[in-house]
Undergrad: 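Dropping a structure here in structure tokens format, bear with me for questions.
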Amino acid sequence: MSSTKKEKKQAPSPRNEGKKRVAVIPGDGIGQEVIPQAVKVIQATGANVELTEFDWGADRYLRDGTTVPADGFAMLARDFDAILVGAFGDPRVKTNIHAKEILLGMRFKMDLYANVRPVRLLDAALCPLKGVEPKDVDFVVLRENTEGVYTDAGGVFKGGTPDEIATQEDINTRKGVERIIRYAFQYCEQHTKLDGSPCKTVLMCDKSNAMTHAGGLWQRVFKEVSGEYPHITAQHMYVDALCMQMVRDPRQFDVIVTNNMFGDIITDLAAGLQGGLGMAASGNIHPGRTSMFEPVHGSAPPIAGKNVANPFGAILTAAMMLRHLEFEKEAGKIEAAVLAAVREKKTTQDIGGKLGTKEAAEWVALRVGQG
Ligand code: NAD
Ligand code: IPM
Ligand code: MN
């Protein structure tokens with residue numbers, strides 16, 4: 001792999017020091033602003049992590065045509081314990097090829113099959129719904145992350161003619177569906193709600209009334225796997241009805257499991273319940289393997305470079321990553337500091353504050369350092 005100033009090849013270091021190695025890929029647009037701030041906050045916790053930055057993204061692609069350097073994913077899996085990512089998407093790259101190869105490449109080729117997207121409201125003031133408090137918005141969406149329409153299987157026949165045909169296949173494998181559904185039941189067993197109450201329900205969301213082949217597989221597997229967890233309530237909703245319920249009464253959800261595309265769509269809606277895309281965190285997980293953590297938002301080109309992007313989604317993502325790396329105390333400190341920032345309005349404008357990206361993150365980093 002070629003090297004850049006910041007990027008150096010890692011010699012495999014002994015894992016017994018407790019030190020964790022994290023690859024940092026800020027990417028494009030506001031990713032380049034929020035990720036350095038999340039890194040500052042990680043450093044303020046004093047967690048024993050070694051961070052190595054990589055310049056994968058649109059600038060690099062436009063400079064030398066590289067999206068993912070040769071051996072890139074194998075290197076990440078071999079040399080790092082986790083990956084912290086910003087966002088990919090740049091108006092200069094019309095095909096979005098770099099985002100597809102880097103972001104979807106990591107998810108698919110590293111087989112990070114569980115996209116874990118927690119939905120938590122930190123303060124009532126951030127929720128657009130009337131009378132909804134933090135205890136009412138506390139659930140997680142588990143999105144299948146390696147299949148579905150995202151495989152981009154299909155093609156174009158007679159392109160550019162009046163007879164053009166475009167197909168986009170929805171690929172669902174028994175193995176892929178079963179492992180994410182099983183992950184959902186295990187997640188429910190292993191997690192409590194923020195108020196300490198047990199997580200009781202797993203809700204599977206699909207569109208099996210219209211898409212009967214894939215939906216049929218999801219329905220059958222869900223029924224089978226739920227039978228192994230009789231102490232957990234198994235529920236089902238069609239994705240359209242789920243969207244309405246999420247807005248009408250978000251209190252009813254604990255764990256939602258769904259396919260790749262529905263998971264993408266409902267997590268932007270769910271981010272709206274939390275205060276917007278600037279507040280939403282996520283992890284791309286394969287248990288036991290190097291996993292990748294990224295805020296739910298994209299590169300937001302219109303606001304990039306203006307020091308206005310909300311860094312809290314990226315910072316909460318860093319906390320999620322630290323918890324995954326077993327830095328529980330450090331993760332808790334970050335979450336407490338973000339909560340304090342929200343309550344004291346030490347935030348960016350999108351959630352009602354007056355601070356810039358850097359200033360809001362610095363407030364959090366300072367608080368973390370004091371805590
Ligand atoms: P986006 O998430 O970038 O922006 C959607 C809206 O939310 C915009 O109004 C934006 O200003 C706002 N927003 C997003 N993050 C914010 C933050 N941290 N603080 C304040 N406001 C924030 O989605 P989009 O506009 O649909 O896409 C822009 C580009 O990002 C596209 O190229 C898209 O493909 C890409 N994208 C990448 C990822 C990723 O890499 N994970 C995710 C989503 C979109
Ligand atoms: C996300 C993004 C990506 C997705 C895009 C950039 C391909 O929207 O992470 O939510 O659809 O998964
Ligand atoms: Mn999305």
Side-chain angles (χ1 to χ4, degrees), residues 25-38 56-58 61 67 83-108 112-119 126 128 141-152 168 258-272 274-285 292-318 338 341-342 347-353 355-361 364:
I25 313 178
D28 306 333
I30 63 168
Q32 293 183 8
E33 294 173 270
V34 297
I35 292 300
Q37 300 308 319
W56 305 2
Y61 174 65
T67 55
I83 309 159
L84 180 64
V85 161
F88 301 94
D90 186 304
R92 294 169 300 168
V93 186
K94 301 275 179 254
T95 57
N96 211 26
I97 180 72
H98 70 299
K100 192 173 169 193
E101 292 191 0
I102 301 170
L103 181 71
L104 299 183
M106 270 186 276
R107 292 178 184 168
F108 287 17
L112 305 176
Y113 69 86
N115 190 192
V116 179
R117 296 190 156 183
V119 184
L126 301 192
V141 176
L142 302 176
R143 164 187 182 194
E144 202 296 316
N145 216 22
T146 57
E147 303 193 342
V149 287
Y150 277 68
T151 53
D152 212 17
Q168 196 81 45
T258 190
N259 72 16
N260 209 338
M261 188 175 74
F262 297 152
D264 178 48
I265 296 167
I266 66 174
T267 52
D268 264 34
L269 176 60
Q274 296 168 264
L277 277 162
M279 295 301 291
S282 88
N284 300 260
I285 315 277
M292 185 266 280
F293 296 80
E294 48 162 352
V296 173
H297 66 71
S299 54
I303 63 165
K306 297 182 175 159
N307 195 39
V308 299
N310 185 344
F312 290 176
I315 292 171
L316 292 168
T317 296
V338 171
V342 167
T347 74
T348 45
Q349 291 174 19
D350 57 307
I351 54 166
L355 301 183
T357 308
K358 273 193 202 141
E359 293 70 25
V364 170

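One is the number of the first residue; the rest follow in order along the sequence. All of these numbers come straight from a predicted model, not from anything done at the bench. Whatever order the structure lists ligands and atoms in, that order sets their numbers, starting from 1.
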Undergrad: Heavy atom under 4.0 Å from ligand 2: found in Tyr150's side chain, backbone, both, or neither?
TA: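 Only the side chain of Tyr150 comes within reach of ligand 2.
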
Undergrad: Counting distance only, does the side-chain N/O of Thr347 pair as donor-acceptor with the main-chain N or O of Gly353 below 3.5 Å?
TA: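 At least one qualifying donor-acceptor pair exists.
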
Undergrad: Is there a side-chain contact between Asp152 and Lys100 in this structure, where contact means two heavy atoms from C-beta onward sitting under 4.5 Å apart?
TA: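 The answer is yes, as the side chains (C-beta and beyond) meet within the 4.5 Å cut-off.
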
Undergrad: Side chains of Tyr150 and Asn145: do they bring a donor and an acceptor to under 3.5 Å?
TA: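 No, because no side-chain N or O of Tyr150 sits under 3.5 Å from a partner of the opposite role on Asn145.
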
Undergrad: Please answer whether the main-chain N or O of Gly283 pairs with a side-chain N or O of Asn115 as donor and acceptor at a distance below 3.5 Å.
TA: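 Such a contact is found between Asn115 side chain and Gly283 backbone.
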
Undergrad: Which protein non-hydrogen atom lies closest to atom 5 (C) of ligand 2, naming both residue and atom, and how far is it?
TA: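 The closest one turns out to be Leu103 CD2, 4.4 Å.
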
Undergrad: Would you call the rings of Phe88 and His98 parallel, tilted or perpendicular, where under 30° means parallel and over 60° means perpendicular?
TA: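 Rings of Phe88 and His98: perpendicular, over 60°.
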
Undergrad: Tell me every residue that passes side-chain contact (heavy atoms from CB on, under 4.5 Å) with Leu269, counting only those two or more places apart in sequence or in another chain.
TA: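 Once residues adjacent in sequence are excluded, the partners of Leu269 under the side-chain contact (heavy atoms from CB on, under 4.5 Å) criterion are Cys243, Met246, Val247.
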
Undergrad: Give the protein residues with at least one non-hydrogen atom closer than 4.0 Å to an atom of ligand 1, ordered by chain and number.
TA: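 Lining ligand 1 at under 4.0 Å, by heavy atoms, one finds Ile30, Ala87, Phe88, Gly89, Asn96, Leu103, Leu277, Gly278, Glu294, Val296, His297, Gly298, Ser299, Ala300, Pro301, Ile303, Ala309, Asn310, Asp350.
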
Undergrad: Quick one, Ile285 and Leu112 - any side-chain contact, counting heavy atoms below 4.5 Å?
TA: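 When only atoms from C-beta onward are counted, Leu112 and Ile285 do not touch, as no gap falls below 4.5 Å.
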
Undergrad: Show the numbers, then the answer: is there a side chain to side chain donor-acceptor pair (under 3.5 Å) between Asn260 and Arg143?
TA: CA-CA 6 Å; Asn260 209 338; Arg143 164 187 182 194; 2.9 Å; yes

Undergrad: Whether the side chain of Thr151 engages the backbone of Glu147 through a donor-acceptor N/O pair (distance < 3.5 Å, no angle test) should be reported.
TA: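 Not confirmed, Thr151 side chain does not pair with Glu147 backbone.
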
Undergrad: Judged on heavy-atom distance to atom 9 (O) of ligand 2, which of Arg107, Met261, Arg143 sits nearest?
TA: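 Comparing heavy atoms across Arg107, Met261, Arg143, the nearest one to atom 9 (O) of ligand 2 lies in Arg107.
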
Undergrad: Any atoms of ligand 2 less than 4.0 Å from a non-hydrogen atom of Arg117? List them with their elements.
TA: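 Within the 4.0 Å cut-off of Arg117, ligand 2 contributes 1 (C), 9 (O), 10 (O).
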
Undergrad: Just list the side-chain donor-acceptor pairs under 3.5 Å for residues 292-308, sequence neighbours left out, or say none.
TA:
{"unit_1": "Glu294", "atom_1": "OE2", "unit_2": "Arg107", "atom_2": "NH2", "d": "2.7"}
{"unit_1": "Glu294", "atom_1": "OE2", "unit_2": "Asn284", "atom_2": "ND2", "d": "3.1"}
{"unit_1": "Ser299", "atom_1": "OG", "unit_2": "Gly89", "atom_2": "O", "d": "2.7"}
{"unit_1": "Lys306", "atom_1": "NZ", "unit_2": "Pro302", "atom_2": "O", "d": "2.8"}
{"unit_1": "Asn307", "atom_1": "OD1", "unit_2": "Thr357", "atom_2": "N", "d": "3.2"}
{"unit_1": "Asn307", "atom_1": "OD1", "unit_2": "Lys358", "atom_2": "N", "d": "3.0"}
{"unit_1": "Asn307", "atom_1": "ND2", "unit_2": "Glu359", "atom_2": "OE1", "d": "3.1"}

Undergrad: Can you find a side-chain donor-acceptor pair between Asn310 and Gln349 that sits under 3.5 Å?
TA: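 No pair is found: no donor N or O on one side chain lies under 3.5 Å from an acceptor on the other.
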
Undergrad: Students should be able to answer this: which protein heavy-atom is nearest to atom 10 (O) of ligand 2, and at what distance?
TA: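 Scanning the protein heavy atoms, the shortest distance from atom 10 (O) of ligand 2 goes to Asp264 OD1, 2.8 Å.
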
Undergrad: Provide the protein N, O or S atoms situated under 2.8 Å from the Mn ion (ligand 3); waters are not included.
TA: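 Only Asp264 OD1 fall inside 2.8 Å of the Mn ion (ligand 3).
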
Undergrad: Considering only heavy atoms from C-beta outward, does the side chain of Ile315 approach that of Val364 to under 4.5 Å?
TA: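 Touching, per the 4.5 Å side-chain cut-off.
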
